[in-house]
Trainee: 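After the structure tokens below, expect a handful of questions from me.
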Amino acid sequence: MDKPIEVPERLAEKGVSRRDFMKFCGLMATVLGLPMSFAPKIAEAMAKPRPTVVWLNLAECTGCTESFIRTTYPWAADIILDAIDLAYHETIMAAAGKQAEKVLEDTVKAHKGKYICVVEGAIPTKDNGAYGKIGGKTFIDIAKHVVGSAAATICVGSCACYGGVQAAKPNPTDAKSVSEVTGVKTVNISGCPPNADNMVATVVHYLLLGKLPALDDKGRPLFAYQYLIHDNCPRRGHYENDEFVKEFGDEGALKGWCLAKVGCKGPNTYNNCPIIKWNQGTNWPIGAGHPCIGCSEPNFWDDMSPFYKEG
Ligand code: FSX
Ligand code: F3S
């Protein structure tokens with residue numbers, strides 16, 4: 001009989017049981033579109049030496065970090081943070097000020113070309129980047145330096161991927177995406193915010209296979225963004241039957257009919273929300289009766305609004 005997979009010691013110390021650990025590995029296999037038989041392989045990969053990760057917070061609302069660290073099961077955050085060596089993350093690190101900036105500089109130097117850079121937020125470029133600075137350095141310079149020395153860069157959130165809300169018309173700070181400013185091709189986990197499971201699965205994919213996942217033409221991992229919301233929506237039957245919610249709270253809303261007439265952008269939006277849902281599969285916007293606003297598409301603030309009008 002095969003030896004049972006051990007929970008990495010560090011996790012056992014935090015009280016994560018083998019059952020919880022394997023549940024997490026099963027969830028990751030599902031998100032990555034792999035058969036359940038991959039769960040033990042994922043468990044093995046999670047015990048490997050941890051990649052160093054540097055997480056930059058630029059022009060954003062920190063919703064992406066919130067999505068990443070606020071998981072329904074307390075052990076999920078422990079497993080996620082244990083799988084990586086998170087050297088720098090302004091929101092959750094203990095260090096602050098000059099001490100924190102030194103950690104960033106030292107990490108970039110010591111792990112040049114080997115660390116993974118995660119970026120949250122867009123980059124204001126107007127007036128030589130005067131509208132976004134940390135420790136006297138512009139976001140432009142920080143991104144060029146830190147992204148430029150990374151093995152790979154993962155953008156989390158539509159702001160880092162495509163400019164997001166900061167770049168919405170009239171874009172007063174001339175905010176741009178990370179790849180536009182640095183010239184580096186990034187993995188884009190889009191969404192405002194993106195689903196934590198997709199962020200984590202991208203890292204798990206790297207640990208499991210030693211490479212980043214295959215991407216679509218907008219830099220998004222295919223495992224998460226290959227299907228339209230509309231194609232997997234449980235309300236699709238009502239769409240085909242011309243059964244629509246006409247206004248919030250009407251009879252159609254009570255019956256769970258299609259939300260296209262109150263603005264659903266699911267027919268134009270690629271994401272796996274209907275498949276994996278949110279908060280460990282609890283629910284998702286359309287499940288709760290709210291139309292999709294298309295937040296994982298480039299320029300969604302301009303292109304998808306008004307959010308509550310059809311089209
Ligand atoms: Fe942007 Fe992330 Fe939207 Fe906010 O920080 S993708 S504004 S949810 O959180 O970057
Ligand atoms: Fe499609 Fe949205 Fe209706 S995804 S089925 S238009 S609720």
Side-chain angles (χ1 to χ4, degrees), residues 55-70 89-92 118-124 132 139 143 154-168 171 173 175-178 186 188-196 198-199 218-220 227-246 248 250 252-253 255-275 277-278 283-302 304-305 307-311:
W55 185 304
L56 300 179
N57 289 88
L58 303 178
E60 37 83 357
C61 78
T62 312
C64 305
T65 289
E66 290 289 338
S67 178
F68 183 66
I69 56 177
R70 300 224 182 275
H89 187 311
E90 282 157 23
T91 314
I92 57 177
V118 176
V119 189
E120 175 177 355
I123 303 176
F139 289 174
I154 302 172
C155 286
V156 295
S158 295
C159 303
C161 299
Y162 311 121
V165 64
Q166 285 69 227
N171 193 357
T173 65
K176 294 198 160 113
S177 71
V178 173
T186 57
N188 294 333
I189 317 289
S190 64
C192 188
N195 194 318
N198 290 335
M199 303 186 214
K218 297 183 175 77
R220 303 176 293 195
Y227 302 116
L228 287 167
I229 299 269
H230 192 55
D231 288 346
N232 289 299
C233 183
R235 297 185 188 228
R236 179 66 185 260
H238 296 298
Y239 175 91
E240 302 298 343
N241 286 340
D242 274 340
E243 292 168 342
F244 296 105
V245 174
K246 305 267 171 35
F248 293 110
D250 70 5
K255 287 182 172 160
W257 286 357
C258 172
L259 297 157
K261 306 262 183 241
V262 284
C264 186
K265 305 298 186 288
N268 298 312
T269 305
Y270 288 86
N271 213 330
N272 58 355
C273 307
I275 303 168
K277 301 185 182 170
W278 283 70
N283 205 350
W284 65 300
I286 290 177
H290 192 282
C292 168
I293 61 168
C295 75
S296 51
E297 294 301 314
N299 308 318
F300 81 98
W301 290 100
D302 294 334
M304 301 289 187
S305 56
F307 293 137
Y308 297 104
K309 285 244 164 72
E310 188 181 4

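When a ligand or atom number is given, it counts from 1 through the structure's own listing order. In this text, all values refer to a predicted model and were calculated from it rather than measured experimentally.
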Trainee: Can you sort out which atoms of ligand 2 are near Arg236, meaning under 4.0 Å from one of its heavy atoms?
Mentor: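 Per the distance check, 5 (S).
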Trainee: At a 4.0 Å threshold, what atoms of ligand 1 neighbour a non-hydrogen atom of Glu60?
Mentor: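 In order of number, 2 (Fe), 5 (O), 10 (O).
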Trainee: Return the orientation label for the Tyr239 and His230 ring planes: parallel under 30°, perpendicular over 60°, tilted otherwise.
Mentor: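 Perpendicular, since the angle between the ring planes exceeds 60°.
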Trainee: For the residue pair Trp55 and His89, categorise the inter-ring angle as parallel (less than 30°), tilted (30 to 60°) or perpendicular (more than 60°).
Mentor: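 Plane angle between 30° and 60°, so tilted.
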Trainee: Could you tell me, atom by atom, which parts of ligand 2 come under 4.0 Å of a heavy atom of Arg235?
Mentor: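 Checking each atom against Arg235, I get 5 (S).
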Trainee: Thr62 to ligand 1: N or O pair under 3.5 Å?
Mentor: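 So ligand 1 has an N or O lying under 3.5 Å from an N or O of Thr62.
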Trainee: Distance under 4.0 Å to a non-hydrogen atom of Cys233: what atoms of ligand 2 satisfy this?
Mentor: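 Per the distance check, 4 (S), 5 (S).
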Trainee: Any side-chain heavy atom of Leu228 sitting closer than 4.5 Å to one from Asn268?
Mentor: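 With C-beta onward as the side chain, the pair stays apart.
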Trainee: Looking only at protein heavy atoms, identify the closest one to atom 5 (O) of ligand 1 and say how far it is in Å.
Mentor: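 Ranking protein heavy atoms by distance from atom 5 (O) of ligand 1, first comes Glu120 OE2, 2.6 Å.
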Trainee: Do the side chains of Phe307 and Cys295 get nearer than 4.5 Å, heavy atoms only?
Mentor: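 Side-chain contact under 4.5 Å: no.
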Trainee: Would you give the length of the straight line joining atom CG of Asp231 to atom CZ of Arg236, rounded to the nearest 0.5 angstrom?
Mentor: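 Reported to 0.5 Å precision, the distance equals 6.0 Å.
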Trainee: Please list the nearest protein heavy atom to atom 3 (Fe) of ligand 1 with its residue and the distance rounded to 0.1 Å.
Mentor: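 Result: Cys192 SG, 2.3 Å.
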Trainee: Short list, please: which atoms of ligand 1 are under 4.0 Å from a heavy atom of Ser158?
Mentor: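 Numbered from 1, ligand 1 contributes 6 (S).
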Trainee: Which of the atoms in ligand 1, numbered in the order shown and given with their element, are less than 4.0 Å from a heavy-atom of Gly191?
Mentor: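 Counting atoms of ligand 1 from 1, those under 4.0 Å from Gly191 are 6 (S).
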Trainee: Measure from atom 3 (Fe) of ligand 2 to every heavy atom in Gly266, Gly263, Cys258 and give the option owning the shortest one.
Mentor: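 Shortest heavy-atom distance from atom 3 (Fe) of ligand 2: Cys258.
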Trainee: Could you tell me, atom by atom, which parts of ligand 1 come under 4.0 Å of a heavy atom of Pro193?
Mentor: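 Heavy-atom distances to Pro193 below 4.0 Å select 8 (S).
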Trainee: Does the side chain of Asn271 reach to within under 4.5 Å of the side chain of Asn198, using non-hydrogen atoms?
Mentor: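 SC-SC contact between Asn271 and Asn198 confirmed.
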Trainee: Output the list of atoms in ligand 1 that are nearer than 4.0 Å to some heavy atom of Gly157, sorted by atom number.
Mentor: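 Ligand 1 atoms under the 4.0 Å threshold to Gly157: 6 (S).
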Trainee: Considering only non-hydrogen protein atoms, determine which one is nearest to atom 4 (Fe) of ligand 1 and report residue, atom name and distance to 0.1 Å.
Mentor: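 For atom 4 (Fe) of ligand 1, the nearest protein heavy atom is Cys61 SG, 2.3 Å.
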Trainee: Atom 1 (Fe) of ligand 1 and Cys159: any N/O/S contact shorter than 2.8 Å?
Mentor: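 A backbone or side-chain N, O or S atom of Cys159 is under 2.8 Å from atom 1 (Fe) of ligand 1.
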Trainee: If the cut-off is 4.0 Å to any non-hydrogen atom of His230, which atoms of ligand 2 fall inside it?
Mentor: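 This gives 1 (Fe), 4 (S), 5 (S), 6 (S) as the contact atoms.
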Trainee: Does the side chain of Tyr270 come within less than 4.5 Å of Ser296's, by heavy atoms?
Mentor: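 Side chain of Ser296 against side chain of Tyr270, heavy atoms only: no contact under 4.5 Å found.
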Trainee: Against heavy atoms of Leu259, which atoms of ligand 2 measure under 4.0 Å?
Mentor: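 In order of number, 3 (Fe), 7 (S).
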Trainee: Taking the side chain as everything from C-beta on, heavy atoms only, tell me whether Ser177 gets closer than 4.5 Å to Cys161.
Mentor: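 No; the side chains remain at least 4.5 Å from each other.
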Trainee: State, with a plain yes or no, whether a side-chain heavy atom of Met304 is found less than 4.5 Å away from one of Ile293.
Mentor: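 They are not in side-chain contact.
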Trainee: If you have a sec, work out which protein heavy atom is nearest atom 2 (Fe) of ligand 1 and how many Å separate them, to one decimal?
Mentor: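 I find the closest protein heavy atom is Cys64 SG, 2.2 Å.
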Trainee: Give a yes or no on whether a salt bridge exists between Arg220 and Glu297, defined as a side-chain N under 4.0 angstrom from a carboxylate O.
Mentor: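 Salt bridge: yes.
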Trainee: Should the pair Trp257 and His238 be assigned to parallel (<30°), tilted (30 to 60°) or perpendicular (>60°) ring geometry?
Mentor: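 Aromatic pair Trp257/His238 classed tilted.
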Trainee: Only heavy atoms of Cys264, strictly under 4.0 Å: list the atoms of ligand 2 that pass.
Mentor: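 Contacts of ligand 2 toward Cys264, numbered from 1: 2 (Fe), 4 (S), 6 (S), 7 (S).
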